[in-house]
Amino acid sequence: MRQLPASRVAELINKVPEVTLSFWIIKILSTTVGETVADFLAVGVGWGQGLTSAVMVVFLALVLFNQVRMRGHEPWSYWLTVVLVSVVGTQITDLLTDGVGVSLYWSTTVFAVVLAAIFTVWYMIERTLSIHDVVTRSRESFYWLAILCTFALGTAAGDLATEALELGFSWGAIIFGTLIALTYLSWRMGGNAVLTFWIAYILTRPFGAALGDLLTQSKTYGGFGMGAMWTSILFLSVIVLFVVIAQRGKAGHQAVPTAE
């Protein structure tokens with residue numbers, strides 16, 4: 001047995017965590033945090049959408065730069081990036097809807113087309129869309145571009161369902177939760193793993209957004225009245241707990257690949 005060169009080891013290490021139950025729990029919580037943090041900073045703190053978007057884009061750029069430079073998967077860096085992508089993705093849709101006046105029907109359609117284009121180019125170049133093979137910077141770039149678009153699309157689709165179609169927060173959470181369950185059943189019955197993963201990833205965004213609105217909005221508007229600040233603190237605390245557990249688990253089982 002001989003060790004692979006350090007450069008080859010770095011190239012072969014996947015940058016994305018394994019898709020487990022904790023992965024989906026953190027993902028859903030991060031989507032809700034994206035909704036509540038964006039609302040808290042823009043409305044609660046009084047920054048407005050413009051300043052909130054600018055600050056979050058700068059933070060995302062710094063964290064994403066650090067994430068791409070990593071030679072392997074680091075739970076704290078990965079999930080911090082996901083949370084910030086969630087916030088920025090939410091702000092992109094909110095700016096288009098509230099700032100520019102773009103219809104939610106249009107934004108949902110456009111983001112869906114853009115996401116399809118990203119996947120098409122990604123597959124044409126890399127010949128795979130699997131998250132188990134995010135082992136090069138090219139694939140990681142496509143991955144994060146797709147993730148950002150899924151958050152923007154999910155925000156638009158969620159707002160379209162709960163606001164434009166007037167389904168409300170409760171029905172929005174129920175409908176998107178049911179679609180996620182059906183996607184899971186499809187995978188369990190032999191459905192394509194890559195396709196069902198990305199469908200579920202997209203659907204968790206509007207589900208998390210509807211859940212966030214249900215918790216934060218006042219009872220007058222059909223919510224539980226927890227407020228954006230307390231909901232953000234609660235969900236961020238749970239995310240931190242799961243990430244600490246994942247980080248400690250990684251440290252305890254870290255090993256360098258070898259080859260004969």
Could you tabulate the donor-acceptor pairs under 3.5 Å formed by side-chain atoms of residues 83-96, not counting sequence neighbours?
residue	atom	partner	partner atom	Å
Ser86	OG	Ser30	O	3.1
Thr90	OG1	Ser86	O	2.8
Thr90	OG1	Arg205	NH2	2.4
Gln91	OE1	Ser53	OG	2.9
Thr93	OG1	Ala152	O	2.8

May I ask you to check whether [X] and [Y] place their ring centers less than 6.0 Å from one another?
{"X": "Trp24", "Y": "Phe197", "answer": "yes"}
{"X": "Phe119", "Y": "Trp198", "answer": "yes"}
{"X": "Phe40", "Y": "Trp230", "answer": "no"}

Interatomic distance, [X] atom [atom1] to [Y] atom [atom2] [nearest 0.5 angstrom]:
{"X": "Thr128", "Y": "Trp122", "atom1": "OG1", "atom2": "CH2", "result": "8.0 Å"}
{"X": "Leu236", "Y": "Thr231", "atom1": "CG", "atom2": "OG1", "result": "10.5 Å"}
{"X": "Cys149", "Y": "Trp144", "atom1": "SG", "atom2": "CH2", "result": "14.5 Å"}
{"X": "Gln67", "Y": "Leu62", "atom1": "CD", "atom2": "CG", "result": "13.5 Å"}
{"X": "Leu80", "Y": "Trp76", "atom1": "CG", "atom2": "CH2", "result": "7.0 Å"}
{"X": "Phe151", "Y": "Ile202", "atom1": "CZ", "atom2": "CD1", "result": "11.0 Å"}

Glu74 side chain to Gln247 side chain, donor-acceptor N/O pair below 3.5 angstrom: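 A donor-acceptor contact under 3.5 Å links the two side chains.
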Polar contact flag, side-chain donor to acceptor under 3.5 angstrom, Thr136-Ser138: no
Nearest heavy-atom pair of [X] and [Y]: which atoms, and what distance?
{"X": "Ser170", "Y": "Leu214", "answer": "OG-CD1, 3.4 Å"}
{"X": "Ala164", "Y": "Leu104", "answer": "CB-CD1, 4.2 Å"}
{"X": "Ala42", "Y": "Gln49", "answer": "CB-N, 4.1 Å"}
{"X": "Thr32", "Y": "Gly208", "answer": "OG1-O, 3.1 Å"}
{"X": "Ile131", "Y": "Asn14", "answer": "O-ND2, 3.0 Å"}
{"X": "Thr162", "Y": "Ala210", "answer": "CG2-CB, 4.3 Å"}

Sole candidate of Thr178, Thr204, Thr196 that passes side chain to side chain contact (heavy atoms under 4.5 Å, CB included) when paired with Thr183: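 The single option meeting the side chain to side chain contact (heavy atoms under 4.5 Å, CB included) with Thr183 is Thr196.
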Under 3.5 Å donor-acceptor, Lys15 side chain and Arg71 backbone: no
ILVMFWY cluster, Tyr105 and Phe111 together (side-chain gap under 4.5 Å):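 Different hydrophobic clusters.
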For Glu18, salt bridge (charged side-chain N to carboxylate O under 4.0 Å, His left out) partners two or more places apart: none
Ring-face cation contact, Tyr201 with Lys27, 6.0 Å cut, 45° max: yes
Residues, nucleotides or ligands: over 12 heavy atoms within 6.0 Å of Trp171 CH2: no
